[in-house]
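Everything below concerns the one structure shown next.
Side chains included, hydrogens not; waters and symmetry mates left out as well; all remaining heavy atoms used.
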Amino acid sequence: MPEKTIKLLTYNVHSCIGGDRKLDPGRIASVIAEAEADIVALQEVDVLRRRTGGIDQAHTIASLLKMQAHFHPALSVAEEQYGDAIITALPTGAVKAGPLPSLGEQRGALSVEIQVGSRKLLVVNTHLGLRGRERMRQMTTLLNAGWLRGSTDEPLPTILCGDFNAIPSSATYRLATRSFKDAQLAGKDRPKATFPSRYPLMRIDHVFVSDDLVVKKAAVLQNRLTKIASDHLPLLAEIGFA
């Protein structure tokens with residue numbers, strides 16, 4: 001029996017504020033539902049922030065999709081939080097979350113072990129900084145500080161995804177591709193830019209996979225809804241075990 005493939009979506013949701021300035025977590029949930037994603041990595045998620053009506057966006061989106069949310073606040077001010085989430089209906093195991101070395105706005109990463117049929121998968125979601133030197137330190141930390149190891153001794157098949165603020169010619173991207181395959185290059189279609197959503201010019205959101213995973217296809221989702229729901233386009237990858 002062939003191993004199950006999963007659909008993973010990475011999406012910078014811009015606090016669920018769209019290009020029309022409307023705050024609408026439901027619209028983000030619709031994009032995810034339409035993509036039929038099994039695992040969703042979100043960046044720029046607001047939790048209990050006054051500017052976005054004090055709601056918990058991670059759990060609101062997850063409950064609309066009948067999924068569970070794991071959230072890590074890269075930034076916390078009193079009750080207000082902002083950060084990254086991994087949302088899935090699949091069974092989850094060990095979770096790790098924490099800060100990355102940052103020069104500007106504090107950045108972090110979130111990793112969750114996910115059970116896919118009989119196999120375990122490690123999914124690491126991050127949102128790197130705006131300066132090149134800072135991104136290199138953050139990527140080096142992700143690659144070397146135990147982030148990409150699960151709770152077992154054996155290395156797990158791993159997906160590293162998120163908004164890297166790094167185009168393919170950057171040192172940060174090149175560092176990542178020494179250890180991982182870029183899903184958009186492993187798929188059959190030509191890689192596409194993800195930012196800004198209306199007129200995408202930059203390929204800065206990525207899904208990187210370890211060698212023991214196979215990318216069946218990868219696509220940037222570009223339609224009327226995704227062009228307005230956030231300032232980034234979502235990237236969807238269909239991935240199987242090698």
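No side-chain heavy atom of Leu221 sits less than 4.5 Å from a side-chain heavy atom of Leu233. Side-chain atoms of Asp231 and Pro196, non-hydrogen and from C-beta on, never get closer than 4.5 Å to each other. With a 4.5 Å cut-off on side-chain heavy atoms, Gln43 and Asn125 count as touching. With a 4.5 Å cut-off on side-chain heavy atoms, Leu103 and Arg133 count as touching. Leu42 places none of its side-chain heavy atoms less than 4.5 Å from the side chain of Asp84. With a 4.5 Å cut-off on side-chain heavy atoms, Leu175 and Met136 count as touching. Side-chain contact between Thr140 and Arg137 is absent, with no heavy atoms from C-beta onward closer than 4.5 Å. The closest side-chain heavy-atom distance from Thr194 to Pro200 is not below 4.5 Å.
Within a 6.0 Å sphere centred on NZ of Lys217, heavy atoms belonging to other residues, nucleotides or ligands number 12 at most. Applying the 6.0 Å contact sphere to CZ of Arg27 captures more than 12 heavy atoms from other residues, nucleotides or ligands.
Side chains of Glu44 and Asn12: a donor-acceptor N/O pair is present below 3.5 angstrom, by distance only. Counted by atom type alone, Ser15 and Arg49 present zero donor-acceptor pairs between their side chains at under 3.5 Å. Side-chain atoms of His127 and Asp163 include a donor-acceptor pair closer than 3.5 Å.
Here the SG atom belonging to Cys16 is positioned 5.0 Å from the CD1 atom belonging to Ile28, to the nearest 0.5 angstrom. Rounding to the nearest 0.5 angstrom, the gap separating the CD1 atom in Ile159 from the CZ atom in Phe180 is 10.0 Å. Rounded to the nearest 0.5 Å, atoms CG (Leu156) and CD (Glu113) are 5.5 Å apart. Note: Thr172 OG1 to Leu128 CG = 7.0 Å, rounded to the nearest 0.5 Å. Interatomic distance, Leu64 CG to Met67 CE, rounded to the nearest 0.5 Å: 11.5 Å. For the atom pair Leu201 CG and Ile167 CD1, the distance stands at 11.0 Å (nearest 0.5 Å).
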- Message: Does Val220 form a side-chain contact (heavy atoms from CB on, under 4.5 Å) with Gln184? I'd like the steps, not just the answer.
- Response: CA-CA 9 Å; Val220 173; Gln184 279 215 66; 3.7 Å; yes
- Message: Between Leu100 and Leu142, is the side-chain contact (heavy atoms from CB on, under 4.5 Å) condition met? List the steps.
- Response: CA-CA 8 Å; Leu100 293 174; Leu142 282 169; 4.1 Å; yes
- Item | Step-by-step salt bridge (charged side-chain N to carboxylate O under 4.0 Å, His left out) determination, Glu238 to Lys7 | CA-CA 4 Å; Glu238 192 174 333; Lys7 284 184 174 177; 5.1 Å; no
- Task: Begin from the C-alpha positions of Arg51 and Asp46 and carry the test salt bridge (charged side-chain N to carboxylate O under 4.0 Å, His left out) through to its verdict.
- Result: CA-CA 9 Å; Arg51 69 175 186 183; Asp46 276 12; 2.9 Å; yes
- Item | CA sep, side-chain torsions, deciding dist, call: Val207, Leu236, side-chain contact (heavy atoms from CB on, under 4.5 Å) | CA-CA 8 Å; Val207 173; Leu236 182 71; over 6 Å; no
- Dump the intermediate steps for side-chain contact (heavy atoms from CB on, under 4.5 Å) on Met139 and Leu143, then the final yes or no. CA-CA 6 Å; Met139 182 59 80; Leu143 294 174; 4.0 Å; yes
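Within the 3.5 Å criterion, the main-chain N or O of Val123 finds no donor-acceptor partner in the side chain of Thr158. The backbone N or O of Ser169 lies less than 3.5 Å from a partner atom in the side chain of Arg174, making a donor-acceptor pair. A distance-only check finds a donor-acceptor pair linking the side chain of Thr88 to the backbone of Leu90 [under 3.5 Å]. Judged by distance alone, with hydrogens and angles left aside, the side-chain atoms of Lys181 form a donor-acceptor pair with the main-chain N or O of Leu213 at under 3.5 Å. Although no hydrogens or angles enter the test, the distance criterion places a donor-acceptor pair under 3.5 Å between the side chain of Arg135 and the main chain of Asn165.
Contact record, Lys66 with Ala89: O-CB, 4.0 Å, taken as the closest heavy-atom pair. What you find for Ser230 and Ser197 is that their closest heavy atoms are O-OG, 2.6 Å. Counting all heavy atoms, side chain and backbone alike, Arg198 lies closest to Lys227 at CG-O, 3.7 Å. Heavy-atom minimum distance, Leu8 versus Cys161: CD2-SG, 4.1 Å. Here the closest non-hydrogen pair linking Gln138 and Arg107 is NE2-CG, 3.4 Å. Taking both residues in full, the closest heavy atoms of Glu134 and Glu105 are given as OE2-O, 4.0 Å, listed atom of the first, atom of the second, then distance.
The side-chain contact (heavy atoms from CB on, under 4.5 Å) search around Ala69 returns Ala58, His59, Ala62, Ile87, not counting sequence neighbours.
Asp182 has a carboxylate O that lies under 4.0 Å from a charged side-chain N of Arg203, or vice versa, which qualifies the two as a salt bridge.
Partner Thr92 forms a side chain to side chain donor-acceptor pair (under 3.5 Å) with one of Gln115, His70, Gln68 and no other, that one being His70.
Linking Ile, Leu, Val, Met, Phe, Trp and Tyr whenever their side-chain heavy atoms come within less than 4.5 Å leaves Tyr82 and Leu48 in two separate clusters. Under a hydrophobic clustering in which Ile, Leu, Val, Met, Phe, Trp and Tyr are joined whenever their side-chain heavy atoms come within less than 4.5 Å, directly or via other members, Val40 and Val47 fall into the same cluster. Hydrophobic clustering, with ILVMFWY side chains joined whenever heavy atoms are under 4.5 angstrom apart, keeps Ile55 apart from Ile32. In terms of hydrophobic clustering, with Ile, Leu, Val, Met, Phe, Trp and Tyr side chains grouped at heavy-atom distances under 4.5 Å, Val116 and Ile239 are assigned to a common cluster. Leu110 is not connected to Leu122 by any chain of hydrophobic side-chain contacts under 4.5 Å among Ile, Leu, Val, Met, Phe, Trp and Tyr, and they are in different clusters.
Contacts classified as ring-ring contact (aromatic ring centres under 6.0 Å, His included) and involving residues 183-239 (residues at least two apart or in different chains) are given here: Phe164-His206, Phe164-Phe208, Tyr173-His206, Tyr173-Phe208, Phe195-His232, His206-Phe208.
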